[in-house]
Amino acid sequence: MKPVGAQVRKSSFGKLPDGTAVDLYTLTNANGVVAKVTSYGTIITELRVPDRQGRLGDVVLGFDNLEQYVKGHPCFGCTVGRVANRIAKGRFTLDGRTYVLAVNDGPNHLHGGLQGFDKKVWKAEAQPGAAVKFTYTSPDGEEGYPGTLAVTVTMALTDRNELRLDYYATTDKPTPVNLTNHSYFNLAGHGDALRHELMIAADYYTPSDSTSIPTGEIKAVKGTPLDFTRPQAIGSRLGQLHNVPVGYDNNYVLNGGGKGVALAARVHEPESGRAMEVHTTEPGVQLYTANYLEGSLRGKGGEVYRQHAAFCLETQHFPDSVNKPGFPPVILRPGQSYQQTTVFRFFSL
């Protein structure tokens, strides 16, 4: 069937236990590429892109229905906030006051807390072409964070086969902000992702302690298994990693430095020919290889999600930046605006 041009279609995705309606937005570009996003957590539930033969395949992990997302999942496809990644011991001091947050990842705070942005129903408004603008207002004190934060995430599927994410936020009190999307990608569509060939445009990374909190140092990747400055199979050096469960869960200091939209990473899956580039305004990207998936989750079509079934490239400010004065700052103040752009571009080789 010939594509009819860029468009957005809205449909029901079910209701939450309290009766709140959740919608699904299907974005289709002029090439027939499809992205589906739900108003619950702005979760990218499906992303269908062509292989080298032009055959569309879904390249993100997720579920077939709302109930499975509500039941709990490891942040499949969602917008993460108010602060993505970890805050050491769930506390920070801002302008002389200490704030205490939920501890939900060992001794630390992770991905916005117990009821982060991934569990909120966002207001949605279709935009011209294949785009949707999602908005959410996080009240003062939500999850322990100060200030009322007004957030906008606009997702657009371009005719260049790009999924563009534009983030914008303002606040009425000083507060930390670090937003990202947490999609789990597998360009083959299924199986493990370890044969994907990955390049990350970063000469440095932030070493972490045993609880994944950065030490504050910035070290060179050269000579370590974290060096993806030249394309490497993701799984080629797992034997050199010593974390448990084994795999990558590391923040890279991007060469672009957060000074504009710059190339962060490129991934190629040899069998299908699918490839993806990540471009971002952010100074860092977290490579995560789905280390904690262990076969207990059944995803779309009954697929069993096992360890290393996908990879994440979470564009971000560095973990625990709110407690690390030497890291790029994450504090947003009244009168300022938080802006971030990340683009996932798909093509074939």
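The structure presented is a predicted model; accordingly, all values stated were derived computationally and were not measured.
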Near-ring test Y248/F311, centroid separation under 6.0 angstrom: no
Can you find a side-chain donor-acceptor pair between D51 and S348 that sits under 3.5 Å? no
Are V103 and K89 close enough, and set up right, to give a side chain to side chain contact (heavy atoms under 4.5 Å, CB included), and what steps lead you there? CA-CA 7 Å; V103 169; K89 297 180 173 54; 5.9 Å; no
With no hydrogens and no angle check, just 3.5 Å: does a side-chain donor-acceptor pair link H317 and E282? yes
Is there a donor in the side chain of R82 and an acceptor in the side chain of T175, or the other way round, less than 3.5 Å apart? yes
With no hydrogens and no angle check, do the side chains of N85 and Q316 hold a donor and an acceptor under 3.5 Å apart? yes
Does F228 have R230 sitting over its ring (NZ/CZ under 6.0 Å from centre, angle to axis within 45°)? no
Assess the pair H111 and H182: is the distance between their ring centroids shorter than 6.0 Å? yes
Do you know the tightest heavy-atom contact between V60 and K300? O-NZ, 2.8 Å
Exercise: do N250 and Q286 side chains pair donor with acceptor under 3.5 Å: no
Does E142 have any side-chain contact (heavy atoms from CB on, under 4.5 Å) partners at least two apart in sequence or in another chain, and if so, which? F117, K120, Y136, S138, P139
Check: D249/N243 side-chain N/O donor and acceptor closer than 3.5 Å: no
We want to know whether S337 and Q339 form a side-chain donor-acceptor pair, criterion being a heavy-atom distance below 3.5 angstrom. yes
Side chains of V267 and L313: closer than 4.5 Å at any heavy-atom pair? yes
Under 6.0 Å between the ring centres of Y99 and Y145? no
Distance only, no hydrogens: is a donor on one side chain within 3.5 Å (strictly under) of an acceptor on the other, for T135 and T152? no
Taking L27 as the fixed residue, which of I44, L157, V34, L47 is the one that meets the side-chain contact (heavy atoms from CB on, under 4.5 Å) rule? L157
Are any non-hydrogen side-chain atoms of R274 and F346 less than 4.5 angstrom apart? no
Could you check whether D23 and S39, counting side-chain N and O atoms only, form a donor-acceptor pair closer than 3.5 Å? no
Establish, from distance only, whether the side-chain atoms of D320 and N323 form a donor-acceptor pair under 3.5 Å. yes
Heavy-atom closest pair, residues A309 and L61: O-CD1, 4.1 Å
Can you confirm whether or not the ring centre of Y305 sits under 6.0 Å from the ring centre of F76? yes
Taking E162 first and then R345, would you say they form a salt bridge - that is, a charged N and a carboxylate O separated by under 4.0 Å? no
For a quick check under 3.5 Å, do T281 and T341 share a side-chain donor-acceptor pair by atom type? no
